[in-house]
Amino acid sequence: MLYKVILDDVPEELNNYQNPQFELSKLTTTENKVLNSIKIRYNVKTDVMECRIGSQHSIIKSPEKLKEVNINGKRFEYKKYLVKRDTTSGYLQKIYGGGQKIYAKYYIPLTNGKLDFQKPKSYYLVQTETELPTKISSANALLSRFYKNFIKQANEFEKNNQLNLKSPPDFEKLLTYLDHLSKDIVASR
């Protein structure tokens, strides 16, 4: 695996990370080789995976050779994706893998022309069959497209569980609930 050694942490830059502390992780390569017990964190600002092995702190330089990075149960894939008809590549967090795959892309927003490290944000992408993951306008747009028969139940679940659909973990909870609900209805027929 190619990597680049980096300098020690700068305290004010710890907000660049989805997980500021290095967490025990697992890498799976495109050749299905698994590397366990590696400590990794995801740098949202630079869209790179940083790893620590012993005292060495480095960046993974060839993410296209990775199939998946699993950081404490959160699965990331390095993929090409579409945003406003432009193709780009980066790490996407896979939050759902049913008939369509749903990903979250994290980023640092601009506030008054400056990066706002205190408020990292995300947006969602959907991938159906062989298409590239494509950015969608909102979580509600995705729900009305793929779960239009369950909007009432989705709204009740969101309200009863005080979910914020802009938060990928909350949106994942709702998608899991809707998946179980739709399977229950199919099974009862």
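Start at 1 with the first residue, then count along the sequence. This structure is a prediction, so every number in the text was calculated from the model and none was measured.
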Student: Nearest 0.5 angstrom please: Asn160 CG to Gln162 CD, how far?
Tutor: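 If we round to the nearest 0.5 Å, Asn160:CG and Gln162:CD are 9.0 Å apart.
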
Student: Will you find, in the side chains of Lys173 and Asn161, an N or O donor that is under 3.5 Å from an N or O acceptor?
Tutor: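 No donor-acceptor contact under 3.5 Å links the two side chains.
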
Student: Enter the distance from Ser25:OG to Ile38:CD1 here, rounded to the nearest 0.5 Å.
Tutor: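 One gets 8.0 Å once the value is rounded to the nearest 0.5 Å.
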
Student: Which residue pairs pass the ring pair (Phe, Tyr, Trp, His ring centres under 6.0 Å) test when at least one of the two sits in residues 124-147, sequence neighbours left out?
Tutor: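 For residues 124-147, and leaving out neighbouring residues, the ring pair (Phe, Tyr, Trp, His ring centres under 6.0 Å) pairs sorted by first residue read Tyr124-Phe171.
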
Student: Yes or no on side-chain contact (heavy atoms from CB on, under 4.5 Å) for Thr28 and Asn70, after CA distance, side-chain angles and deciding distance?
Tutor: CA-CA 8 Å; Thr28 306; Asn70 189 319; over 6 Å; no

Student: Just do the side-chain contact (heavy atoms from CB on, under 4.5 Å) check on Tyr177 and Gln153 with the steps written out, would you?
Tutor: CA-CA 9 Å; Tyr177 166 73; Gln153 293 92 330; 4.0 Å; yes

Student: Are more than 12 heavy atoms, taken from residues, nucleotides or ligands other than Glu64, located less than 6.0 Å from that residue's CD atom?
Tutor: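 Counting neighbours around CD of Glu64, more than 12 heavy atoms of other residues, nucleotides or ligands fall under 6.0 Å, so yes.
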
Student: For Asn16 and Thr46, what are the C-alpha separation, side-chain angles and deciding distance, and is it a side-chain contact (heavy atoms from CB on, under 4.5 Å)?
Tutor: CA-CA 8 Å; Asn16 294 355; Thr46 57; over 6 Å; no

Student: For Lys65, is there any backbone N or O sitting under 3.5 Å from a side-chain donor or acceptor partner on Ser62?
Tutor: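 No; zero donor-acceptor contacts below 3.5 Å.
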
Student: Could you tell me the separation between the SG atom of Cys51 and the CD1 atom of Ile60, rounded to the nearest 0.5 Å?
Tutor: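 Answer rounded to 0.5 Å: 5.0 Å.
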
Student: In the hydrophobic clustering that connects Ile, Leu, Val, Met, Phe, Trp and Tyr at side-chain heavy-atom distances below 4.5 Å, which members other than Leu132 occupy its cluster, ordered by chain and number?
Tutor: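 For the cluster that includes Leu132, the remaining residues are Leu82.
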
Student: If we ignore hydrogens and angles and just use 3.5 Å, is the side chain of Asp170 paired with the main-chain N or O of Asn164 as donor and acceptor?
Tutor: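 Flag set: sc Asp170 to bb Asn164 pair under 3.5 Å.
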
Student: From the options Lys39, Arg41, Lys45, select the one residue that forms a salt bridge (charged side-chain N to carboxylate O under 4.0 Å, His left out) with Glu50.
Tutor: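 One option only clears the test, and that one is Arg41.
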
Student: To the nearest 0.5 Å, tell me how far Phe150 CZ sits from Leu174 CG.
Tutor: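 Here the rounded value is 12.0 Å.
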
Student: For residues 135-147, which residue pairs qualify under salt bridge (Lys or Arg N to Asp or Glu O under 4.0 Å), counting only residues two or more places apart or in two chains?
Tutor: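 Non-adjacent pairs meeting salt bridge (Lys or Arg N to Asp or Glu O under 4.0 Å): zero.
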
Student: For the residue pair Thr176 and Asp179, confirm or rule out a side-chain donor-acceptor distance under 3.5 Å.
Tutor: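 Note: Thr176 and Asp179 side chains miss the donor-acceptor criterion.
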
Student: Decide side-chain contact (heavy atoms from CB on, under 4.5 Å) for Val34 and Leu27; before the verdict, give the C-alpha distance in whole Å, the side-chain angles of both, and the deciding distance to 0.1 Å.
Tutor: CA-CA 6 Å; Val34 177; Leu27 296 175; over 6 Å; no

Student: Output side-chain donor-acceptor pairs under 3.5 Å for residues 101-108, partner residues at least two apart or in another chain, one line each.
Tutor:
from: Tyr103; atom 1: OH; to: Glu77; atom 2: OE1; distance (Å): 2.9
from: Tyr103; atom 1: OH; to: Gln127; atom 2: OE1; distance (Å): 3.4
from: Lys105; atom 1: NZ; to: Tyr42; atom 2: OH; distance (Å): 3.4
from: Lys105; atom 1: NZ; to: Asp47; atom 2: OD1; distance (Å): 2.9
from: Lys105; atom 1: NZ; to: Asp47; atom 2: OD2; distance (Å): 3.1
from: Lys105; atom 1: NZ; to: Tyr91; atom 2: O; distance (Å): 3.2
from: Tyr106; atom 1: OH; to: Gln18; atom 2: NE2; distance (Å): 3.0
from: Tyr106; atom 1: OH; to: Gln93; atom 2: OE1; distance (Å): 2.6

Student: Can you list the residues that meet the side chain to side chain donor-acceptor pair (under 3.5 Å) rule with Thr134, with sequence neighbours excluded?
Tutor: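 Partners of Thr134 by the side chain to side chain donor-acceptor pair (under 3.5 Å) criterion come out as none, since no residue qualifies.
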
Student: Quick one: side chain to side chain donor-acceptor pair (under 3.5 Å) partners of Tyr81, sequence neighbours excluded?
Tutor: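 For Tyr81 there are no side chain to side chain donor-acceptor pair (under 3.5 Å) partners, ignoring immediate neighbours.
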
